[in-house]
S.K.: 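The structure's right below; bear with me while I get my questions together.
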Amino acid sequence: TEKIGFTNPSRSGFEGHIIKDIINKLPNLNKKNQSVLDIGCGCGKLCEMLLEHCRQMENDATLVDSKEMLSNISDSEKITKISGKFPEEVVMTVESYDVIIVYSVFHYVLGNGCVYSFLDSVISLLKSGGQAIIADIPSAGKRERFFSSDSGRDFIKKNFQNSSESMVMKSSDNISFDDNILISLISRARAMGVDAYIMPQNKNLFFANRREDLILYKP
């Protein structure tokens with residue numbers, strides 16, 4: 001996760017809030033015998049918690065990441081591992097999924113690929129009635145609106161001692177999406193027959209004041 005801009009201190013201790021937020025936004029995760037795809041799953045506690053939830057719900061999990069990441073995840077007959085860069089380098093073993101999760105990965109796509117092709121591929125893998133979350137998207141507009149507000153200014157005063165530190169805080173997301181791109185993603189998804197929404201993160205999450213989630217529901 002360090003390679004895509006989500007430092008360990010910003011995630012450590014927040015995994016419980018993250019998984020709860022994901023499950024609340026993807027009701028299919030609380031159904032049994034669902035097929036779940038996690039793109040860019042990593043190998044940390046968040047992945048472990050998702051796999052445990054899948055085990056409890058008797059769901060099949062497909063994990064996509066690098067060989068290095070996947071090698072740190074224990075094998076199971078209910079887990080399928082696919083290594084490679086999504087979507088260019090991977091061959092899916094299942095044609096469609098009930099749930100697709102992309103957490104804290106999309107800004108890496110913006111810097112190294114085409115977010116629209118990525119979105120199209122995610123939508124193409126959703127079953128009818130399927131649900132997807134492309135989460136933890138750095139939002140330039142949300143960040144600027146927050147830091148321009150009274151609560152944002154209070155946040156800076158409370159957490160930072162000098163102006164240079166506050167500037168680092170404001171620019172902590174090296175790659176971010178402006179409002180026009182986020183709105184265009186919603187429009188593109190809806191044009192493909194999918195209900196799409198931008199939703200706020202759980203307020204307890206580290207970057208909730210400047211990151212957003214894209215939710216996709218396929219009728």
Side-chain angles (χ1 to χ4, degrees), residues 1 4 18-19 21-43 46-47 49-51 53-55 57-67 69-70 73 75-137 177 181-199 212-219:
T1 56
I4 58 174
I18 293 171
I19 197 70
D21 197 33
I22 292 173
I23 293 171
N24 284 340
K25 290 170 178 171
L26 302 177
N28 280 356
L29 278 173
N30 274 331
K31 298 179 182 178
K32 288 195 172 185
N33 301 313
Q34 300 288 287
S35 54
V36 179
L37 170 64
D38 189 340
I39 302 169
C41 60
C43 59
L46 182 61
C47 182
M49 294 178 73
L50 174 64
L51 291 177
H53 182 80
C54 287
R55 187 191 66 78
M57 302 307 298
E58 301 177 9
N59 293 335
D60 294 313
T62 298
L63 308 177
V64 175
D65 213 311
S66 67
K67 288 183 179 180
M69 289 289 185
L70 296 176
I73 299 172
D75 293 328
S76 167
E77 63 179 22
K78 299 286 282 184
I79 298 174
T80 300
K81 302 177 186 179
I82 303 176
S83 62
K85 181 181 178 182
F86 181 90
E88 299 94 330
E89 300 174 359
V90 301
V91 178
M92 307 308 299
T93 58
V94 178
E95 290 186 358
S96 56
Y97 295 85
D98 298 295
V99 175
I100 299 177
I101 298 169
V102 184
Y103 197 90
S104 199
V105 170
F106 208 38
H107 46 305
Y108 177 77
V109 179
L110 182 64
N112 296 272
C114 177
V115 293
Y116 299 107
S117 296
F118 189 100
L119 176 69
D120 293 352
S121 297
V122 169
I123 290 174
S124 71
L125 288 170
L126 273 180
K127 287 183 180 180
S128 179
Q131 303 166 351
I133 184 170
I134 300 176
D136 204 44
I137 301 173
F177 292 72
I181 296 178
L182 292 175
I183 292 170
S184 72
L185 291 167
I186 293 174
S187 297
R188 187 180 185 91
R190 292 182 175 184
M192 296 177 69
V194 174
D195 294 329
Y197 312 91
I198 292 291
M199 296 184 67
E212 299 181 279
D213 298 343
L214 174 61
I215 311 297
L216 307 170
Y217 297 148
K218 191 169 186 177

S.K.: Between I82 and V91, is the side-chain contact (heavy atoms from CB on, under 4.5 Å) condition met? List the steps.
M.R.: CA-CA 8 Å; I82 303 176; V91 178; over 6 Å; no
S.K.: Of all the heavy-atom pairs spanning M92 and F86, show the shortest one and how long it is.
M.R.: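 So the two residues come closest at SD-CE1, 4.3 Å.
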S.K.: If I take atom CD1 from residue I79 and atom CZ from residue R55, how far apart are they, to the nearest 0.5 angstrom?
M.R.: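 Separation between the atoms: 10.5 Å.
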S.K.: If you look at every heavy atom in L70 and C41, which pair is closest and at what distance?
M.R.: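 Closest approach of L70 to C41, heavy atoms only: CD2-SG, 3.9 Å.
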S.K.: Taking the side chain as every heavy atom from C-beta outward, state whether Y103 and I18 have any atom pair closer than 4.5 Å.
M.R.: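 A side-chain contact under 4.5 Å exists here.
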S.K.: State, with a plain yes or no, whether a side-chain heavy atom of T62 is found less than 4.5 Å away from one of D38.
M.R.: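 With C-beta onward as the side chain, the pair stays apart.
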S.K.: Do I39 and F118 make a side-chain contact, defined as non-hydrogen atoms from C-beta onward lying under 4.5 Å apart?
M.R.: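 The answer is yes; the side chains approach within 4.5 Å.
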S.K.: Just verifying a value: how many Å separate I186 CD1 and I181 CD1, rounded to the nearest 0.5 Å?
M.R.: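 Rounded to the nearest 0.5 Å, the CD1-CD1 separation comes to 12.5 Å.
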S.K.: When you measure from the side chain of N28 to the backbone N and O of D98, does any donor-acceptor pair fall under 3.5 Å?
M.R.: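 Checking the backbone N and O of D98 against the side chain of N28, a donor-acceptor pair under 3.5 Å is found.
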S.K.: For K81, is there an ion pair with D65 - N to carboxylate O distance below 4.0 angstrom?
M.R.: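 Salt bridge: no.
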S.K.: Taking the side chain as C-beta and beyond, is there a heavy-atom pair between L37 and I101 under 4.5 Å?
M.R.: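 L37 vs I101: side chains apart.
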S.K.: So, for G193 and P219, which heavy atoms are closest and what is the spacing to 0.1 Å?
M.R.: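 Shortest heavy-atom separation between G193 and P219 comes out as O-CD, 3.3 Å.
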S.K.: Measure the shortest side-chain to side-chain distance between C47 and I73 over non-hydrogen atoms and say whether it is less than 4.5 angstrom.
M.R.: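 Side chain of C47 against side chain of I73, heavy atoms only: contact under 4.5 Å found.
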S.K.: For V102 and I133, what are the C-alpha separation, side-chain angles and deciding distance, and is it a side-chain contact (heavy atoms from CB on, under 4.5 Å)?
M.R.: CA-CA 6 Å; V102 184; I133 184 170; over 6 Å; no
S.K.: When you look at L214 and L182, which way does the side-chain contact (heavy atoms from CB on, under 4.5 Å) test go after all the steps?
M.R.: CA-CA 8 Å; L214 174 61; L182 292 175; over 6 Å; no
S.K.: Specify the closest pair of heavy atoms between A196 and A189, including all atoms of both residues, with the distance to one decimal.
M.R.: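 The answer is CB-CB, 3.7 Å.
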S.K.: Nearest 0.5 Å please: distance from the OG atom of S184 over to the CZ atom of F177.
M.R.: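 Interatomic distance, S184 OG to F177 CZ, rounded to 0.5 Å: 9.5 Å.
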S.K.: What verdict does the side-chain contact (heavy atoms from CB on, under 4.5 Å) test give for K85 and V90, after you've listed the backbone C-alpha separation in whole Å, the side-chain angles of each residue and the deciding distance to 0.1 Å?
M.R.: CA-CA 6 Å; K85 181 181 178 182; V90 301; over 6 Å; no
S.K.: Can you find a pair of side-chain heavy atoms, one from D195 and one from Y197, that are under 4.5 Å apart?
M.R.: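 They are in side-chain contact.
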S.K.: Provide the closest heavy-atom pair for Y217 versus Q131 in the form atom of the first, atom of the second, distance.
M.R.: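 Nearest heavy atoms, Y217 then Q131: CD2-CG, 3.6 Å.
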S.K.: Measuring only between side-chain heavy atoms, which start at C-beta, is I19 closer than 4.5 Å to L50?
M.R.: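 A side-chain contact under 4.5 Å exists here.
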S.K.: From K32 NZ over to E58 CD, what is the distance, rounded to the nearest 0.5 angstrom?
M.R.: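 If I round to the nearest 0.5 Å, the distance is 4.5 Å.
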S.K.: Is a side-chain N or O of K218 found less than 3.5 angstrom from the main chain of K127, in a donor-acceptor match?
M.R.: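 Not a single qualifying donor-acceptor pair exists.
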S.K.: Testing V36, L51, T80 for side chain to side chain contact (heavy atoms under 4.5 Å, CB included) with L63, which one passes?
M.R.: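 Of V36, L51, T80, side chain to side chain contact (heavy atoms under 4.5 Å, CB included) with L63 is met by L51 alone.
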S.K.: Does a salt bridge link K25 with D213, judged by any charged N lying under 4.0 Å from a carboxylate O?
M.R.: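 Yes, charged N to carboxylate O under 4.0 Å.
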S.K.: Look up atom CD1 in I134 and atom CZ in F106, then write down how far apart they are to the nearest 0.5 Å.
M.R.: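 Rounded to the nearest 0.5 Å, the CD1-CZ separation comes to 4.5 Å.
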S.K.: Please name the pair of heavy atoms, one in S104 and one in D136, separated by the smallest distance, quoted to 0.1 Å.
M.R.: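 Reported closest heavy-atom pair: OG-OD2, 3.0 Å.
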S.K.: Can any side-chain N or O of H53 pair as donor or acceptor with the backbone N or O of L29 at less than 3.5 Å?
M.R.: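 A pair under 3.5 Å: yes.
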S.K.: Calculate, to the nearest 0.5 Å, the distance between atoms CG and NE2 belonging to N112 and H107 respectively.
M.R.: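 Between N112 CG and H107 NE2, I get 11.0 Å after rounding to 0.5 Å.
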S.K.: Is a donor on one side and an acceptor on the other found under 3.5 Å between the side chain of N59 and the backbone of S35?
M.R.: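 Not confirmed, N59 side chain does not pair with S35 backbone.
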S.K.: Are the side chains of S83 and V64 in contact, using a 4.5 Å heavy-atom criterion?
M.R.: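 Answer no - side chains too far apart.
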